[in-house]
Colleague: 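My questions will all concern the structure given below.
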Amino acid sequence: MMDSKELSKIADLAGLTLAPEEILPVQNALTDILRFIGQLQEHDMGDTQPAIHPLEMAQRTRSDQVTETAQREQLQAGAPTVANGFYLVPKVVEHGN
Amino acid sequence: MSSRLTRCLADLSSALARREFSSTELTQFFLNRIDQFNPELNCFISITREQALRQAHDADRRIQAGRHTPLTGIPYAHKDIFCTRGGVTTCGSKMLSNFVSPYDATVTTKLNDAGMVMLGKTNLDEFAMGSSNENSYFGAVRNPWSVKHVPGGSSGGSAAAVAARIAPCATGTDTGGSIRQPAAFCGVTGIKPTYGRVSRYGMVAYASSLDQGGILAQSVQDCAMMLEAMAGFDDKDSTSVACLVPAYASALSGDICGLRIGLPKEYFDAQMDLSVRTVLEAALAEFARLGCVAVAVNLPSLELAIPAYYIIASAECSSNLARYDGVRYGYRCKNPRSLEDLYTRSRNEGLGTEVKRRIMVGSYVLSAGYYDAYYLRAQKIRRRIQQDFRAAFDEVDAILAPVSPTSAFRIGEKSNDPVKMYLSDIYTIAVNLAGLPALALPAGFSVNLPVGMQLIGNHFSEELLFLIGHHYQQATDWHCRLPPMAETVQ
């Protein structure tokens with residue numbers, strides 16, 4: 001069973017905060033899932049190379065030219081809180097620091 | 001019963017062209033059916049009534065002026081994972097329940113340009129993560145063949161809408177079977193194209209190396225018509241492939257005699273319900289009558305496909321869903337105490353249980369100390385699966401396989417056991433790992449519930465899959481069957 005310290009670390013990496021009543025069901029589910037996917041460890045992969053792209057293609061690049069136009073107002077229209085073109089969030093810098 | 005329920009897209013197109021009815025009348029017909037059946041089936045998250053009638057009116061003018069395409073004026077249902085400008089795109093999630101997209105997905109643009117009429121946005125498992133359409137913030141979708149059973153997922157809303165004939169066709173997406181499995185569960189036809197065939201621009205990402213947009217419709221012919229409009233290179237999608245789009249709809253009349261159909265030993269040895277096996281054996285007999293030759297093939301790496309898929313898909317989803325942080329769009333928690341609280345509480349409150357599970361699994365397998373053991377190893381399995389299919393396609397023209405070990409299961413039967421749910425993807429996910437196209441076809445029934453099969457092809461062989469599938473549908477009528485509830489016309 002995954003321990004609570006490890007669960008807390010994973011939640012932190014995932015950018016999630018688990019409510020107290022969520023911890024045990026999530027612990028159980030993740031333990032089962034990780035045990036299931038862990039069966040890969042039992043197989044020798046030899047010198048097989050990883051395949052990142054399903055068609056073995058490389059990332060296409062394009063010329064270094066500006067193609068997008070400024071659309072701040074339109075893109076911020078649905079934002080939770082904006083002011084003067086900025087997205088507002090809780091303060092991150094303490095006064096005096 | 002109105003013949004509009006069962007007419008193929010080509011027939012509807014001819015009927016519109018010769019003014020048998022207008023697009024406005026046809027659209028109103030389907031809007032009425034949505035009003036009649038959607039309360040019970042829950043196929044649609046939003047019904048774009050006014051826009052649909054506006055588009056229908058424009059289509060009628062285009063047809064009158066002779067400026068129409070084969071799809072002009074035909075209504076469709078759009079999976080609510082494709083962005084539609086000015087309207088809500090929810091991805092079945094509380095996180096995006098109020099998200100109004102500032103742009104159209106390329107698929108949306110292409111179907112708009114073809115003159116199609118969007119009836120509404122269909123329900124789905126949240127962010128396309130699920131195999132039953134029970135994971136939607138907007139409630140479960142019900143299977144028109146039995147409302148106690150799931151329609152499959154994640155494109156459950158689209159599949160159910162077509163099965164109940166409340167839309168003649170629908171878009172879907174397939175990352176691990178999410179077009180094919182609901183198609184099989186609902187008795188409709190579905191195509192998952194080759195990776196890169198259909199643009200992913202504006203198709204909200206779940207797993208970027210696996211996602212592909214496609215179609216659910218009443219027949220192979222209908223899928224071919226729609227894919228011809230949807231497919232094609234898009235420079236806004238860096239994974240889009242510059243490969244000519246064949247005239248799929250015109251290429252259904254060739255001969256399939258002598259074509260070799262592969263039967264993977266690993267699929268047919270695996271656990272599947274006797275009723276599914278019986279249906280597959282009958283389908284194989286039909287292909288033999290059509291002159292095809294069955295050839296046994298081996299895909300030895302398939303046994304590791306499910307764990308490999310869930311590692312890769314979860315890893316990619318943890319990265320793709322990191323953007324949902326309550327800052328720029330989507331759900332934001334109330335009264336955040338700090339920036340970190342804003343991020344974590346917005347995500348925890350805005351995302352559903354299965355999505356959070358997969359994000360956590362993905363974060364784990366990508367984390368320091370585990371990356372090599374899980375993610376890198378899964379990508380090596382992926383390589384082996386690709387090699388297995390490549391070797392198989394040296395011997396055969398297409399591969400026949402089941403879609404699911406069972407027909408549709410009951411709502412609630414697997415929703416509390418994620419691993420049990422994942423195991424039901426056994427026949428679909430290897431196709432996504434290898435980026436191959438696959439066509440799901442209705443092939444029979446198991447105690448009044450549809451059973452489907454799939455034809456898997458080599459990269460960019462959709463034309464061949466359509467040809468084989470069309471011949472099968474000319475010789476059988478499984479794709480013409482309607483669930484009893486759909487036969488009611490008001």
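Chain letters run A, B, ... following the sequence lines, proteins first, then strands; residues in each count from 1. Since the model is a prediction, treat every value here as computed from it, not as a measurement. The analysis underlying the following values was restricted to heavy atoms, covering all of them including side chains, and did not include hydrogens, waters or symmetry mates.
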Colleague: Counting only heavy atoms closer than 4.5 Å, note whether Ala373(B) contacts chain A via side chain, backbone, both or neither.
Modeller: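 Contact with chain A involves both backbone and side-chain atoms of Ala373(B).
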Colleague: Given heavy-atom pairs under 4.5 angstrom as the criterion, report whether the side chain, backbone, both or neither of Met45(A) touches chain B.
Modeller: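 Both backbone and side chain.
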Colleague: Could you tell me which of Thr61(A), Leu34(A), Val26(A), Leu88(A) has the largest number of non-hydrogen atom pairs under 4.5 Å with chain B?
Modeller: Leu34(A)
Colleague: Let me know if Glu22(A) has heavy atoms under 4.5 Å from chain B in its side chain, its backbone, both or neither.
Modeller: side chain
Colleague: Measure distances from Asp47(A) to the heavy atoms of chain B and classify the residue's part below 4.5 Å as side chain, backbone, both or neither.
Modeller: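 Neither part, no heavy atoms under 4.5 Å.
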Colleague: Would you mind checking which part of Asp12(A) comes under 4.5 Å of any heavy atom in chain B, side chain (CB onward), backbone (N, CA, C, O), both or neither?
Modeller: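 Side chain of Asp12(A) only, per the 4.5 Å heavy-atom cut-off to chain B.
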Colleague: Relative to chain A, which segment of Arg390(B) carries a heavy atom at a distance below 4.5 Å: side chain, backbone, both, or neither?
Modeller: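 Contact with chain A: side chain only.
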Colleague: Name the region of Ala378(B), side chain, backbone, both or neither, that has any atom closer than 4.5 Å to a heavy atom of chain A.
Modeller: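 Interface part for Ala378(B): both.
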Colleague: What part of Ser318(B) gets closer than 4.5 Å to chain A, counting heavy atoms only: side chain, backbone, both or neither?
Modeller: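 Ser318(B) has no heavy atom closer than 4.5 Å to chain A.
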Colleague: Evaluate Gln41(A) against Arg377(B) for side chain to side chain contact (heavy atoms under 4.5 Å, CB included), listing each step before the verdict.
Modeller: CA-CA 8 Å; Gln41(A) 315 306 323; Arg377(B) 194 169 271 265; 3.9 Å; yes
Colleague: If I measure from the heavy atoms of chain A, does Pro102(B) come under 4.5 Å with its side chain, its backbone, both, or neither?
Modeller: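 Backbone plus side chain of Pro102(B), per the 4.5 Å heavy-atom cut-off to chain A.
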Colleague: Side chains of Val419(B) and Asp32(A), heavy atoms from C-beta outward: is any pair under 4.5 Å?
Modeller: yes
Colleague: Where does the angle between the aromatic ring planes of Tyr422(B) and Phe36(A) fall among parallel (under 30°), tilted (30 to 60°) and perpendicular (over 60°)?
Modeller: tilted
Colleague: Do you know which of Tyr329(B), Tyr364(B), Tyr343(B) has the most heavy-atom pairs under 4.5 Å to chain A?
Modeller: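 That would be Tyr364(B).
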Colleague: After noting the C-alpha distance and the side-chain angles of Gln59(A) and Ser238(B), does the key distance pass the side chain to side chain contact (heavy atoms under 4.5 Å, CB included) rule?
Modeller: CA-CA 7 Å; Gln59(A) 179 68 42; Ser238(B) 66; 2.7 Å; yes
Colleague: Using a cut-off of under 4.5 Å for heavy-atom pairs, which of Gly78(A), Ala11(A), Gly15(A) has the most such pairs with chain B?
Modeller: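 Winner by heavy-atom pair count: Gly15(A).
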Colleague: Given heavy-atom pairs under 4.5 angstrom as the criterion, report whether the side chain, backbone, both or neither of Leu376(B) touches chain A.
Modeller: both
Colleague: So which of Ser208(B), Ser101(B), Ser314(B), Ser240(B) has the biggest tally of heavy-atom pairs under 4.5 Å with chain A?
Modeller: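 Sorted descending by pairs with chain A, the first entry is Ser240(B).
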Colleague: Can you tell me which portion of Val100(B) sits under 4.5 Å from chain A's heavy atoms? Options are side chain, backbone, both or neither.
Modeller: neither
Colleague: Is it the case that the side chain of Arg345(B) and the backbone of Thr17(A) share a donor-acceptor pair, with hydrogens and angles ignored and the cut-off at 3.5 Å?
Modeller: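 No: the side chain of Arg345(B) does not pair with the backbone of Thr17(A).
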Colleague: For each of Val92(A), Ile52(A), Leu75(A), tally heavy-atom pairs with chain B at distances under 4.5 Å, and name the one with the top tally.
Modeller: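 So the answer, after comparing Val92(A), Ile52(A), Leu75(A), is Ile52(A).
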Colleague: Looking only at atom types and distance, does a side-chain atom of Gln386(B) sit under 3.5 Å from a main-chain N or O of Ala51(A), one as donor and one as acceptor?
Modeller: no
Colleague: Relative to chain A, which segment of Asp237(B) carries a heavy atom at a distance below 4.5 Å: side chain, backbone, both, or neither?
Modeller: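 The backbone, not the side chain.
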Colleague: Given that the side chain runs from C-beta out, which part of Glu349(B) has a heavy atom under 4.5 Å from chain A: side chain, backbone, both or neither?
Modeller: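 For Glu349(B), no heavy atom lies under 4.5 Å from chain A.
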Colleague: Pick one of side chain, backbone, both or neither for Gln71(A), based on which atoms fall under 4.5 Å of a heavy atom in chain B.
Modeller: neither
Colleague: With a 4.5 Å cut-off on heavy-atom pairs, point out which of Glu340(B), His459(B), Arg337(B) contacts chain A the most.
Modeller: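 Among the listed options, the one with the most contacts to chain A is His459(B).
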Colleague: Decide whether Arg384(B) and Thr48(A) meet the rule of one side-chain donor and one side-chain acceptor closer than 3.5 Å.
Modeller: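 Checked: Arg384(B)/Thr48(A) side chains pair up, N/O donor to acceptor below 3.5 Å.
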Colleague: Between Arg383(B) and Glu56(A), does any NZ, NE, NH1 or NH2 come within less than 4.0 Å of an OD or OE carboxylate oxygen?
Modeller: yes
Colleague: Go through the atoms of Phe389(B) and report whether side chain, backbone, both or neither lie under 4.5 Å from a heavy atom of chain A.
Modeller: neither
Colleague: Sort Tyr324(B) into side chain, backbone, both or neither according to what part of it lies under 4.5 angstrom from a heavy atom of chain A.
Modeller: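 Tyr324(B) has no heavy atom closer than 4.5 Å to chain A.
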Colleague: Determine the option with the most heavy-atom pairs under 4.5 angstrom with chain B, choosing from Ile10(A), Leu13(A), Val82(A).
Modeller: Ile10(A)
Colleague: Tell me whether Arg332(B) contacts the main-chain N or O of Thr81(A) through its side chain, where contact means a donor paired with an acceptor under 3.5 Å.
Modeller: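 No, Arg332(B) side chain to Thr81(A) backbone: no donor-acceptor pair under 3.5 Å.
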Colleague: Is a donor on one side and an acceptor on the other found under 3.5 Å between the side chain of Arg328(B) and the backbone of Pro80(A)?
Modeller: no
Colleague: Could you check whether any side-chain N or O of Arg357(B) sits under 3.5 Å from a backbone N or O of Ile33(A), counting only pairs where one atom can act as donor and the other as acceptor?
Modeller: no
